[in-house]
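Following: one structure in structure tokens, then a few remarks.
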Amino acid sequence: MHATAPRQILRQIFVALLPSDVSDVWRRQDAAAPTEPFTAIVIDTLRFTTTACRALQVGARSIQVASSVEKALQLADSLPARPLLCGERHCHKIEGFDLGNSPFEFASDSVQGRDLVFTTTNGTLAIEAVQHLPRVLLAALVNRRAVCQHLQSAAAADVLIVCAGTDGQLTWEDVLTAGAIVDKLLMMGGFDVSHDAALLARAAWQATIGKLTVASELSPKLFSELSRALGGRNLLATGYERDLRFASQLDTIEIVPQNSALQPHSFTVAEAAKTSD
């Protein structure tokens, strides 16, 4: 009698369409607990997670996050070397801060080797919703592929994708990004999805891009979609069209910001994924 090969256990993908949905996903009614706690992925495509990827790409040492201006100032005072204070409220740079939340403000000559303390309207609050989890990644359209490759090579934990939204409202750009990640993970293998919000996000992504695969066609399409979204309209109204175009580029940054259980507020570049595309 031949031995039966062990059945592969697929990792499940869940999506919280808003940070307030995290607790409902956490209380999922599985009969069996996951082999490890969730790996969380926080998305704030317009613009925190996009800008964080850009800042680490050009050499920032770390991204430290705080949910309020007061906490950001306290965090900055606690660090051994003076960090750069970065962030925005309703698209505009916070008074007295060094930098805002535009990826174009983060050049190598200004952030190389520096710690950055960030507080933003939506993204840093979304991180607070998953601080109880041992590992959090930051994702946007720009690093979608890198995040998926990293997850495929990581430990066997289920995945919880958290959309930041805007002022407590669902945002199209974050749902699309979540769908892009779900779609890519399922194509790469090792994952499964039965969670309705994850299925919805993937369907939104597939319906949006159709059969487009060429970057020269994808970026204009994604820019058009993000321009219709609440966050995109806010950026266009405040003169940040370039930021919107930057955030609409798929798979252009090959780094993954990741925190740790010991330093949940601090994000650095995760080790490069070993999995090929």
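Under a 4.0 Å N-O distance rule, the pair R82/D77 does not qualify as a salt bridge. Note on K221 versus E225: salt bridge recorded, some NZ/NE/NH1/NH2 to OD/OE distance being below 4.0 Å. A salt bridge links E254 with R145: the closest approach of a Lys/Arg side-chain nitrogen to an acidic carboxylate oxygen falls below 4.0 angstrom. We find that E128 and K71 are joined by a salt bridge, their nearest charged nitrogen and carboxylate oxygen being less than 4.0 Å apart. Using a cutoff of 4.0 Å between basic side-chain nitrogens and carboxylate oxygens, R61 and D115 are scored as salt-bridged.
Between the side chains of T119 and R89, at least one donor-acceptor pair of N or O atoms lies under 3.5 Å. With 3.5 Å as the limit, one finds a donor-acceptor pair spanning the side chains of T45 and T177. Counting only N and O atoms by type, the side chains of R135 and T39 include a donor and acceptor under 3.5 Å apart. Judged by distance alone, the side chains of E271 and H150 never bring a donor and an acceptor atom under 3.5 Å apart.
Screening L17, V182, V175 for a side chain to side chain contact (heavy atoms under 4.5 Å, CB included) involving L200 leaves a single residue, L17. For the side chain to side chain contact (heavy atoms under 4.5 Å, CB included) with V142, the lone residue among I255, T252, T51 that qualifies is T252. A side chain to side chain contact (heavy atoms under 4.5 Å, CB included) with R233 holds for exactly one of L235, L236, L230; it is L230.
Shown here is Q206, whose CD atom has more than 12 heavy atoms of other residues, nucleotides or ligands within 6.0 Å.
Shortest non-hydrogen contact noted between V159 and L151 is CG2-CD2, 4.1 Å.
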Give the C-alpha distance, both sets of side-chain angles, the deciding distance and a yes or no for salt bridge (charged side-chain N to carboxylate O under 4.0 Å, His left out) between R202 and D183. CA-CA 6 Å; R202 188 191 190 201; D183 192 56; 2.9 Å; yes

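By the ring pair (Phe, Tyr, Trp, His ring centres under 6.0 Å) test, F223 pairs with no residue at all, sequence neighbours left out.
Cluster partners of L125: none. The rule joins Ile, Leu, Val, Met, Phe, Trp and Tyr whenever side-chain heavy atoms lie under 4.5 Å apart, and it links nothing here. Taking a 4.5 Å side-chain heavy-atom cut-off between Ile, Leu, Val, Met, Phe, Trp and Tyr, the cluster of L18 contains only that residue.
Note: F48 and F267 fail the aromatic proximity criterion, with ring centroids not under 6.0 Å apart.
Ring orientation note: the planes of F14 and H195 are tilted relative to one another, at an angle of 30° to 60°.
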